[in-house]
Amino acid sequence: MRISVVVNGEDIGAQVPVRRNLADFLRHDVGLTGTHIGCEAGACGACTVLVDGRLHRACLMLAVQANGTTVETIEGADTSGRIAHLQAVFHRLNALQCGYCTPAMLLTAAELLRSNPKPSRDEVREWISGNFCRCTGYQAIVDAVMEATEGEADS
Amino acid sequence: MKAPPFSYIKPTSLAACLDVLAEHGDDAQVIAGGQSLMPLMNLRLAAPSVLIDIHGLEELRGIGQDGGQMRIGALECHADIGASEVIAQALPLLTSAAPHIGHIAIRERGTIGGSLALADPAAEWPACCLALRAEIELRSTRGVRQVAAEDFFRGIYETAREPDELLTAVRFPSNRQARADVNLFEEMARRRGDFAIAGLALVARRNGSILSDVRLALLGVADRAVLAHDAMGAIEGLALDADLIDAAVAALLGELEPPEDPAYPSSYRRRMAGVLLKRTLASLLTEVEHAA
């Protein structure tokens, strides 16, 4: 089926099998491998992207369902600079090790700060509870998100 | 794993969708948010030959008053229901329940129609529908019918919906007479976002310490969401105090027979349901005592 999707601001047209999921479309058809596949069942969160401004599991959407939508991946968020402060704090506080969960963690955390600029630690933990990390033990990630809120306030 | 092959149809009208359902029946599967169906297909536990994408059906959207009822379209996602001011005013139970559904990315895509049609025993919306006396709207080429929640949920992943029917909306009584004073939702899960071990939805009128028109629905403790009639009977029309709480919990423990499952023994789920009810009623009692 022929689809047309705006990915990170760019019009992408492609012919895809109907059973291809959005994560595979982004990774293989568009060449954006920052979106990761962990479980393909919606639990781990590594595939999280933004579709029409909403956090969605790319592994649980068909590429054909993204026809006519606007998708933002970690590459787009990075290039736009909108998560630069969060990325810097993640880096400084060692909120990543292997980096597998990190793109989705950043996109997810950025949405929290968009809707709740001053979350509590508990609110951060609640919000990122759908993003699994096998390396850090989460503490540094929560610290980074909390510190990112401080920084925004100062600047 | 990847989903097995299927034919994909995205009807542009409700009538066209109902025709497709009538034609394909059991071979077809409706995809709404896909947050339950896609995992099943990716794990190859489900393999419909025809997938009907209903996202093009605007008739399935909307949250608003419809006569003396609050109507929520089947395609409304959990996040939007949870964030709705209109719902917070009229049906605060739903506002309390929404954050318990999965995780934020799931809530931004998963729909109430999908949740009700799937009828997972641990789902939040079916229990809320029982507690609030909701009616579920089903449409087919044969017409439209409303099914009371109490008659809709029949067993594990089993509902009153026929294969050629589409779940199009859910309606809740919401005129002033229907509005409850007590709207409490509690759930217990091992980790945030996990399927519930047990959960409850409690709706009631309150006059001082006396609860009436009590509706108590449980999730995660049977093959479907259930009303706890004995526990409700133990509370109905009586003054809430420590003894009443014990009686209600005892009644609940007596009437529940959770199925055994590998994750949690039946006795554990039953006990946790009792703990949840005790905590919920105890905090309600504290609130009642402070108000007095």
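Every chain is numbered from 1 and lettered A, B, ... according to where its sequence line falls, protein lines coming before strand lines. Please read all numbers here as calculations on a predicted model, not as lab measurements.
Among the candidates B:G33, B:G110, B:P4, the residue making the largest number of heavy-atom pairs closer than 4.5 Å to chain A is B:P4. Listed options B:G193, B:P5, B:G34 were ranked by heavy-atom pairs under 4.5 angstrom with chain A; first place goes to B:P5. Heavy-atom pairs under 4.5 Å with chain B were tallied for A:V64, A:L62, A:L60, A:L55; the largest tally goes to A:L60.
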Between chain B and chain A, donor-acceptor distances below 3.5 angstrom:
from: B:M1; atom 1: N; to: A:E40; atom 2: OE1; distance (Å): 3.1
from: B:K2; atom 1: NZ; to: A:D24; atom 2: OD1; distance (Å): 3.3
from: B:K2; atom 1: NZ; to: A:D24; atom 2: OD2; distance (Å): 2.7
from: B:K2; atom 1: NZ; to: A:E40; atom 2: OE2; distance (Å): 2.5
from: B:A3; atom 1: O; to: A:R19; atom 2: NH1; distance (Å): 2.5
from: B:N42; atom 1: ND2; to: A:E40; atom 2: O; distance (Å): 2.8
from: B:N42; atom 1: ND2; to: A:C59; atom 2: O; distance (Å): 3.2
from: B:D53; atom 1: OD2; to: A:Q65; atom 2: NE2; distance (Å): 3.1
from: B:D80; atom 1: OD1; to: A:R54; atom 2: NH1; distance (Å): 3.2
from: B:D80; atom 1: OD1; to: A:R54; atom 2: NH2; distance (Å): 3.1
from: B:D80; atom 1: OD2; to: A:R54; atom 2: NH2; distance (Å): 2.6
from: B:H103; atom 1: ND1; to: A:S129; atom 2: OG; distance (Å): 3.0
from: B:H103; atom 1: ND1; to: A:G130; atom 2: N; distance (Å): 3.2
from: B:E108; atom 1: OE1; to: A:R54; atom 2: NH1; distance (Å): 2.5
from: B:R192; atom 1: NH1; to: A:E126; atom 2: OE1; distance (Å): 3.1
from: B:R192; atom 1: NH2; to: A:D122; atom 2: OD1; distance (Å): 3.4

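Using a 4.5 Å heavy-atom cutoff, the side chains of B:I54 and B:I31 are not in contact. When side chains are defined from C-beta on, B:I72 counts as touching B:I87, because their heavy atoms get closer than 4.5 Å. Side-chain atoms of B:L138 and B:L166, non-hydrogen and from C-beta on, never get closer than 4.5 Å to each other. Between B:Y264 and B:P258 the shortest side-chain heavy-atom distance does not fall below 4.5 Å. With contacts defined as side-chain heavy-atom distances shorter than 4.5 Å, the pair A:M61/A:V51 qualifies.
Within a 6.0 Å radius of CD in B:Q89, no more than 12 heavy atoms belonging to other residues, nucleotides or ligands are found. Heavy-atom contacts from other residues, nucleotides or ligands closer than 6.0 Å to CZ of B:F195 number 12 or fewer.
With a 4.5 Å cut-off on non-hydrogen atoms, B:M1 touches chain A through its backbone but not through its side chain. Proximity to chain A (any heavy atom under 4.5 Å) is restricted, for B:L51, to the side chain, taken from C-beta onward. In this structure, chain B has no heavy atom under 4.5 Å from any part of A:L50.
Taking OH from B:Y268 and CD from B:E260, the interatomic distance works out to 14.0 Å, rounded to the nearest 0.5 Å.
Distance alone, capped at 3.5 Å, places no donor-acceptor pair between the B:R71 side chain and the B:I63 backbone.
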